[in-house]
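Here is how names work: the chains are called A, B, and so on, in the same order as the sequence lines, proteins then strands, and each is numbered from 1. Side chains are part of it too, since the values below use all heavy atoms of this structure and drop only hydrogens, waters and symmetry mates. The shown structure was predicted, so the numbers you read here are calculated from the model rather than taken from an experiment.
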Number of protein chains: 2
Amino acid sequence: MSAAPAPARRARRYDPERRDRLVDTTLDVIAAHGVAAASHRSIARAADVPLGSLTYHFGSLTDLLAAAFTRHVDTVAARFDERMAGAPDRAAALEVLVEHLTGDLLGSPRDLVLAVELYVAAARDPALRAVTQDWMSRSRRSLERHLDPVTAREVDALVEGLVLHSALSTDPMDAAAIRSALSRLAG
Amino acid sequence: MSAAPAPARRARRYDPERRDRLVDTTLDVIAAHGVAAASHRSIARAADVPLGSLTYHFGSLTDLLAAAFTRHVDTVAARFDERMAGAPDRAAALEVLVEHLTGDLLGSPRDLVLAVELYVAAARDPALRAVTQDWMSRSRRSLERHLDPVTAREVDALVEGLVLHSALSTDPMDAAAIRSALSRLAG
DNA sequence: GCCCGTTGTGTACGGTCGTTCTTATGACTT
DNA sequence: AAGTCATAAGAACGACCGTACACAACGGGC
């Protein structure tokens, strides 16, 4: 640091508190109006910060979206893995999975919408695809605590289908139907 | 003005050939660049028609997207139901399903992308949600030719998951793995 | 007390968007 | 032959977009 402190070409996290709030608000906007409506201006309005603050803290809109989805995935995946780790056996693990699905993902409109929006955005943006892939692999690793890898993969695919199904269908499957399908696949 | 022949307030299908071509081109653009990039202008450019032609033949962009997705769903669902109807028994039906999945949906990047784009768009647009719901119910009805309703629903959810999985994952399941999962669920 | 670099803000630019509306065209009726 | 009107084209409008950039605020080193 003697001289030329090389002013951090990339990193721009001077006000961590505001940065955090921007990420949270971004998730709120995505959940409420979709990723297509998550513009610099709409987020700035929702967070009540000046427009320039966004490009100041995040180099581009994609960076901001990636940060937001990453936070969301971290939250959900960590919660799931924690519960999965606490399950004593395979049957309990399946019950944890049912609970996670019906309670967390399908039960909360916010989380459900965020999942689908992430799917969509990831289909086009490589940076976001990395986030979904991370989610998938973490979820699979959690499942593999109690299931063999092949079954874990099948269950993972079914779970994704159930999420989508629940988001788009008029009469989504209830907890009992989900439990039955999962136990037929992995019981 | 006395006469005021009330000039066909709604219907506007004067040049069916061009209208058809616009729908096809719209699907091409969506498959190539996503529904977010499917603007009046990009479609007009791709179809080599003047911009005004789009709003002339379709009252709004949403109308055009709905028409495009409807055509796509009709094509895929009809093909699937036809094959399903030709299956003599349950085992053959499952094999048809595997073939439909690996060959049609997962095998063709175009169809796969269109499916995911439709999922995404449907999450926000009620008119498009109706299209996906129609697809789901037709697909379920095809499955119910050989499966009981409960199993058909589970299989339907798994299929959607496999589509999404295949679109986003780095190492999607192959035909053998899909066959195994399906037969475990419905065999 | 002055200076200057860090931190943060607001405006402006160039572009794309959906949609509207004026205008051209050409075929059919009278 | 003239008039009419469905059909088609494309320019124009107002809005919103991401990003760049000039500039304000301000606190610490001389």
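- When only modelled atom types and interatomic distance are considered, R71(B) and T26(B) share no side-chain donor-acceptor pair under 3.5 Å.
- Across the protein-nucleic acid pair, L65(B) atom CG and dT19(C) atom P stand 10 Å apart, rounded to whole Å.
- Remark: P of dG10(D) and CZ of R45(B) are 15 Å apart, rounded to the nearest angstrom.
- Using a 3.5 Å distance cut-off with no hydrogens or angles, the side chains of S39(A) and S42(A) do pair a donor with an acceptor.
- Comparing dG10(C), dG18(D), dC17(D) against the side chain of P50(A) picks out dG10(C) as the nearest.
- Rounded to an integer number of Å, the gap from CG of L54(A) to P of dC17(D) is 12 Å.
- Following rounding to the nearest Å, H40(B) (NE2) and dA9(D) (P) show an atom-to-atom distance of 15 Å.
- We find that CZ of R18(A) is positioned 20 Å from P of dT6(C), with the value rounded to whole Å.
- For the 3.5 Å distance criterion, the side chains of T151(B) and D148(B) qualify, holding a donor opposite an acceptor.
- Residue H57(A) contributes atom NE2, which lies 16 Å from atom P of dT19(D) at whole-angstrom precision.
- OP1 and OP2 of dT16(C) both lie 4.0 Å or more from every side-chain N or O belonging to S39(B).
- Here the C1' atom of nucleotide dC16(D) and the CD1 atom of I43(A) are 14 Å apart, to the nearest Å.
- With distances taken from any side-chain atom of Y56(B) to the nucleotides dT7(D), dT20(C), dT9(C), the minimum falls on dT7(D).
- Side-chain contact between V35(B) and L65(B): present, with at least one pair of heavy atoms (C-beta onward) separated by less than 4.5 Å.
- Listed nucleotides: dT11(C), dC17(C), dA11(D). Nearest to the side chain of L51(B): dA11(D).
- Comparing R41(A) and S53(A) against DNA chain C, the residue whose closest nucleotide sits nearer the 5' end is S53(A).
- For the pair E17(B) CD and dT7(D) P, the interatomic distance rounds to 15 Å; values are reported in whole Å.
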